[in-house]
Amino acid sequence: MAATDQTIKQVNTLGSSDYKYGFSTEVDEIRPPKGLNEEIIKFISAQKDEPEWMLEWRLNAFKVFNKLPKPQWAKLNIPEIDYQDCYYYSIPKSLKDKPKSLDEIDPEILKTYEKLGIPLKEQKMLSGIAVDAVFDSVSVATTYKKQLSDLGIIFCSISEAVKTHPELVKKYLGSVIPVSDHSFAALNSAVFTDGSFIYIPEGVRCPVELSTYFRINAMNTGQFERTLIIADKDSYVSYLEGCTAPMRDENQLHAANVELVALDNAEIKYSTVQNWYPGDKEGKGGIYNFVTKRGACRGKNSKISWTQVETGSAITWKYPSCILQGDNSKGEFYSVAITNNMQQADTGTKMIHIGKNTSSKIISKGISAGKANNTYRGLVNILSKAKNARNFTQCDSLLIGNQCGAHTVPYIESSNSDSMVEHEATTSKINEDQLFYCQQRGLNSEDAVGLIVNGFCKEVLQHLPMEFAVEAQKLVAISLEGSVG
Amino acid sequence: MLEIKNLHVSIEEKKIIKGLDLSINKGEVHALMGPNGSGKSTLSYVLSGKDKYEINDGTIDYNGKNLLELDVDERANEGLFLAFQYPMEIPGVQTSFFLKTAINSKRKYLGQSEMDALEFAKLMKSKAEELNISTEMLKRDLNVNYSGGEKKKQEILQMSMLSPKMAILDETDSGLDIDALRIVSEGVNKLRNSDNSFLVITHYQRLLNYIKPDFVHIIADGKIVKSGDYSLALELEEKGYEEISQTA
């Protein structure tokens, strides 16, 4: 039997029972009734004790949401989503009165994070990573807060920032992703629950990796995370998010908005390892992941770099983008998207060149196995004032088995004759001879596939922070188990 | 070590090997010589377990096990090694990482713990030096942009690090200049001992000047037509395949 066939057979027998994050945690939850309406939005805002302006902002977003159609551009088969059949807010009861220290957090929740490998206890935080953890709708703990605040760095949950730093939130929230951008963006703006807020002051280089871990625990709950990162002049920050969810037969909705702002000479590096529950091998259950991520390089010489490893979710719809306003600013997008079984992904980026001498780089690696479909969709738009703009794009697709699909949809628009745009694309099947060679050296078929695919993704994985690169390599191999492809 | 009896192999209905018998004992080096299309490479692939070959008849016993029932990686971890005629390029995978993965796969199979990083580095360094392979090369992606000679040396490096019981060298001499041929042959000779065996597949007698076989077999049209000692290789060099096959 051919090694790939064998792998496919193994994947089929494995199904998704190997999703090791598929446990759920027994905690009492506070939840308003299902459904999406103004009352729910008022409830969320009141639960969070938000100021009046925030509630108004939400209610306005809800009005916009009601007028916007669902985006249709993606090559995805998205079932009709019944927004009324979903809970929009869920918090463990024990977090209602926000714990003041980690000792007050429900031990069950701490255990969940321990199982996920996220140490919250600060004394364990030797790895040099500050973590904010979001459990369903609320932020559980932010480690390292004191050390960061000595540098003037603000790292807290967005709910907290609304109250403690309203001037920054008012100034920047919705400034990169307008509420009216598309319906998921508007939905998130109306019902967002939690996420991270980061402000790096002028001239500060954040000494640790900042990280958020998102976890959907409750049933039928949507998670609407909202993250806002502002890097002031001459500052630098590297941020990483990780995501998991329990195995459930129902689909769960995740619609996040992430906004980044980089001022003069500032740099933001944003890395994602997304491993939401993908559904079982027949496509039952799994997370619908509709994410809007956008960064504005507002200042001259600023830089925003997105790195993503997308292995989970039943549907991934995500285009982390850069608006290159400042002269000489740079945008980068490094992506690995793996789809197996019945998973669907439509992901890519937009690079909008506005300033002079702006440059962008796109490296996308799509891997498709099982009956999955994987699409790269990208836009490189060079506006007339973007003199001397540069873009380089490389999209490689790897197919495992003969029932999956890979699609590449690059749009290039240039209104400037000084600009230079390069696009390279390849599509290949995993090579039987390479697999045989590895197996002849003693690797079993799954390890052989993992090795070859990791090699295929190397250009992207090497942009992840060291600690996460190792995790990501394992994840790449695990997600192809069975399919593997 | 290896006992092949009445082997018949076809690929896509075409018969390639037609009743081949070969017995290799511990500590022996056998050379298999034959013209293009005689079934030499097919035999190496069948022994290592590549798909697409249909075994129509015959048995292969390997150290008391039915070789044909083992998966490719099981055969490898049981000590069967194939030095490829055309080693594969694996982009994005560092050569040293590949070597480490291979060694640890075998150790895992044998129920041993992983080799620690320092021990591995020492082993790799000493073996690479013997073969005149630079440490810089070990940092490059496996076989990517290697010259023909470098690829063959890499195969011998892998072989010496995995120290197989039964090594098959499939036209390892092709594409090698005289210096590389000498280095590769020395690598093989160092590995020879009373516990392991080699099957050296080649077109030319030249390689056998460096790796002295105990037995020489001539294969033609899927069968071994003549066997002898080293002098048979010399005779072949003189007379050519056609004449030898006819007199068989």
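By convention in this document, chain letters (A, B, ...) are assigned in the order of the sequence lines, proteins followed by strands, and residues within each chain are numbered from 1.
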Where does [X] contact chain A at under 4.5 Å (heavy atoms): side chain, backbone, both or neither?
X        : result
B:Asn104 : neither
B:Glu74  : neither
B:Phe81  : both
B:Leu162 : side chain
B:Leu142 : side chain
B:Pro164 : neither

Would A:Lys361 count as a cation-pi partner of A:Phe392, with NZ or CZ less than 6.0 Å from the six-membered ring centre and within 45° of the ring normal?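 No, a cation-pi geometry is absent between A:Lys361 and A:Phe392.
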Establish, for the pair B:Lys151 and B:Tyr146, whether the NZ or CZ atom is under 6.0 angstrom from the six-membered ring centre and no further than 45 degrees off its axis.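 Not flagged: B:Lys151 not positioned over aromatic ring of B:Tyr146.
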Output field: ring centroids A:Trp306/A:Tyr270 closer than 6.0 Å: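 Yes - the distance between ring centres of A:Trp306 and A:Tyr270 falls below the 6.0 Å cut-off.
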Any side-chain heavy-atom pair from A:Ser305 and A:Tyr334 closer than 4.5 angstrom?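 Side chain of A:Ser305 against side chain of A:Tyr334, heavy atoms only: contact under 4.5 Å found.
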For a quick test of reading the model, state the closest non-hydrogen atom pair linking B:Ile211 to B:Arg192 and the distance between them.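 Minimum heavy-atom contact is CG2-NH1, 4.1 Å.
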With chain A as the partner, which of B:Tyr109, B:Phe98, B:Tyr45 has the greatest number of non-hydrogen pairs under 4.5 Å?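 Ranked by heavy-atom pairs under 4.5 Å with chain A, first place is B:Phe98.
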I'd like to verify something: which residue of B:Pro91, B:Gly92, B:Ala102 has the highest number of heavy-atom pairs under 4.5 Å with chain A?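 Of the options given, most contacts go to B:Gly92.
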Atom group of A:Tyr437 that falls short of 4.5 Å from chain B, counting heavy atoms: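 Both parts, heavy atoms under 4.5 Å.
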B:Arg140/B:Glu136 salt bridge by N-O under 4.0 Å criterion: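 Looking at B:Glu136 and B:Arg140, the cut-off is met.
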Could you check whether A:Lys318 pairs with A:Glu310 (Lys NZ or Arg NE/NH1/NH2 to Asp/Glu carboxylate O, under 4.0 Å)?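 Yes, this pair counts.
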